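These notes are about the structure you will find just below.
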Amino acid sequence: MVNSYPQALTIAGSDSDGSAGMQADLHTFFARHVYGASVMTACVAGNSYGIHASVPMPTDFIDQEFKDLADDYHIRAAKTGMLADSELINTVVKNYLAADFGPLVVDPVIMTKHGNQLLEESAFNTLRTQLIPLATVLTPNFFEVEKIAEMTITSDAEMEAAAHKLQAMGAKNIIAKGSHNDPHQTVVKDFVLLASGDSFWLSEPYHETDRVNGTGDSLSACITAELAKGTPMKRAIEIAKQFVNAAIGSPIAVGHKFGPVNHWAAMDRDFK
């Protein structure tokens with residue numbers, strides 16, 4: 001039957017070193033047995049030492065990418081990655097609303113896991129008011145939770161309160177990721193708030209490694225892949241957390257400095 005195979009979409013930039021962005025998303029889709037399509041929003045030149053150049057795609061080209069996919073494929077779930085400015089965010093929002101691409105997972109790429117800002121400040125309000133309300137799932141890291149909720153978080157109770165603030169902005173399901181900056185930590189804790197109002201914490205072992213490029217991309221992509229297959233929301237989030245932990249816990253020697261997570265380590269795993 002035409003288009004019967006699960007199909008998922010990444011709306012993101014292309015990272016030339018393959019460790020993050022669209023490439024990490026497609027690696028994850030492949031590992032979770034979902035066909036991956038892509039809308040390229042930018043091209044980034046970089047390697048394990050850093051990013052050295054980037055070129056945004058013209059908005060009319062992005063419009064055409066969306067149209068061509070909508071005309072032929074049955075996208076069952078989609079996700080966004082880094083969207084650098086307001087024009088790009090508005091273009092993605094317009095096209096997503098016009099298409100039937102299923103639930104939307106928003107990885108709000110604003111800050112790095114170490115607290116460095118990536119998104120132009122002028123685009124932050126656009127992301128907050130135009131894209132976040134469309135999110136079926138929102139997956140901010142610790143510093144992004146603080147930025148979006150306009151809070152300083154020093155306790156579990158404050159993290160839970162922040163997640164409720166994010167949900168009040170329109171995002172249905174929230175995964176508020178915990179901090180990775182405590183040198184003595186042994187676990188990583190994320191708070192999950194579901195559209196139903198149910199909530200819980202997810203914990204996995206902390207791995208001391210510099211092979212963590214693509215962690216956030218892979219988490220949100222794994223959720224997207226599971227939703228494309230029809231996996232229930234809570235289970236999709238649990239699988240994604242375990243998938244990423246497995247990918248971090250078995251590092252591969254690629255690049256000289258900050259390397260990628262290992263999608264092979266998590267491939268075909270039967271997560272419990």
Side-chain angles (χ1 to χ4, degrees), residues 8-34 36-52 54 77-84 105-116 118-119 137-144 175 177-181 188 190 204-226 236-237 239-269 271:
L9 172 65
T10 170
I11 306 162
S14 169
D15 279 28
S16 63
D17 73 346
S19 70
M22 179 181 296
Q23 281 80 354
D25 294 340
L26 294 173
H27 292 332
T28 303
F29 292 165
F30 183 87
R32 298 308 299 165
H33 295 271
V34 169
S38 61
V39 166
M40 187 183 297
T41 59
C43 289
V44 173
N47 53 30
S48 68
Y49 292 108
I51 294 172
H52 303 111
S54 63
K79 65 148 293 187
T80 61
M82 185 172 180
L83 305 175
V105 179
V106 174
D107 183 8
V109 184
I110 304 168
M111 317 278 286
T112 70
K113 63 177 62 68
H114 302 295
N116 300 312
L118 298 171
L119 183 71
V137 187
L138 185 68
T139 65
N141 66 31
F142 177 80
F143 293 105
E144 290 162 346
I175 306 170
K177 291 181 274 187
S179 174
H180 298 74
N181 291 329
V188 178
D190 301 337
E204 291 288 342
Y206 175 76
H207 302 286
E208 183 62 47
T209 177
D210 56 7
R211 305 285 162 171
V212 293
N213 283 3
T215 301
D217 307 284
S218 300
L219 179 79
S220 55
C222 188
I223 296 169
T224 307
E226 293 303 320
I237 292 169
I239 289 171
K241 177 73 172 176
Q242 294 175 57
F243 175 89
V244 169
N245 187 261
I248 296 172
S250 299
I252 52 175
V254 175
H256 289 82
K257 198 171 183 183
F258 298 108
V261 299
N262 179 9
H263 295 90
W264 286 308
M267 191 169 179
D268 295 328
R269 291 275 292 272
F271 297 111

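Note that the structure is predicted; figures quoted are calculated from it, not measured.
Taken to the nearest 0.5 Å, the CG atom of Leu219 stands 7.0 Å off from the CG atom of Asp190. One distance of note links CG of Asp210 with OG of Ser48; it measures 9.0 Å at 0.5 Å rounding. Here the NE2-CE distance, from His27 to Met22, works out to 12.0 Å after rounding to the nearest 0.5 Å. If you take CD1 on Ile11 and CE on Met40, they are separated by 13.5 Å, rounding to the nearest 0.5 Å.
When side chains are defined from C-beta on, Leu138 does not count as touching Ile175, because their heavy atoms never get closer than 4.5 Å. Residues Asn141 and Lys177 have side chains in contact (heavy-atom distance under 4.5 Å, counting atoms from C-beta outward). Within the 4.5 Å cutoff, side-chain heavy atoms of Leu83 are placed close to those of Thr41. Lys241 has its side chain out of reach of Phe243: every pair of non-hydrogen atoms, C-beta onward, lies at least 4.5 Å apart. In this structure, Thr139 and Pro108 have side chains that are in contact, with non-hydrogen atoms separated by less than 4.5 Å.
Closest non-hydrogen pair, Thr224 versus Ala8, comes out as CG2-CB, 4.1 Å. Between Cys222 and Ile239, the shortest heavy-atom contact is SG-CG2, 4.1 Å. The minimum heavy-atom distance linking Ala24 with Ser19 is given by the pair CB-O, 3.7 Å. Taking all atoms of both residues into account, the shortest heavy-atom contact from Val44 to Ser54 is CG2-CB, 4.1 Å.
The side-chain contact (heavy atoms from CB on, under 4.5 Å) test with Glu204 singles out one residue from Asn245, Val188, Ile248, and that residue is Asn245.
Looking at residues two or more places apart in sequence or on another chain, you find no side-chain contact (heavy atoms from CB on, under 4.5 Å) involving Ala84. Every residue meeting the side-chain contact (heavy atoms from CB on, under 4.5 Å) condition with Ala37, not counting sequence neighbours, appears here in chain and number order: Leu9, Leu69, Ile75. Listed by chain and residue number, nothing satisfies the salt bridge (Lys or Arg N to Asp or Glu O under 4.0 Å) test with Arg211 (two or more places apart in sequence, or in another chain). For Ala20, the side-chain contact (heavy atoms from CB on, under 4.5 Å) partners are Asp15, Asp217, not counting sequence neighbours. Applying the side-chain contact (heavy atoms from CB on, under 4.5 Å) rule to Ala225 yields the partners Phe29, Arg32, Val34; only residues at least two apart in sequence or on another chain are considered. The side-chain hydrogen bond (donor to acceptor under 3.5 Å, both in side chains) check on Ser14 picks up Gln23, with sequence neighbours excluded. The side-chain hydrogen bond (donor to acceptor under 3.5 Å, both in side chains) test applied to Ser220 returns Lys79, not counting sequence neighbours.
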Show every donor-acceptor pair shorter than 3.5 Å between a side-chain atom in residues 253-265 and any protein atom, with sequence neighbours excluded, or say none if there are none.
{"residue": "Asn262", "atom": "OD1", "partner": "Trp264", "partner atom": "N", "Å": "3.1"}
{"residue": "Asn262", "atom": "OD1", "partner": "Ala265", "partner atom": "N", "Å": "3.4"}
{"residue": "Asn262", "atom": "ND2", "partner": "Ser250", "partner atom": "O", "Å": "2.8"}
{"residue": "His263", "atom": "NE2", "partner": "Thr28", "partner atom": "OG1", "Å": "3.3"}
{"residue": "His263", "atom": "NE2", "partner": "Ser218", "partner atom": "OG", "Å": "2.8"}

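With Ser38 contributing its side chain and Thr10 its backbone, the two residues share no donor-acceptor pair below 3.5 Å.
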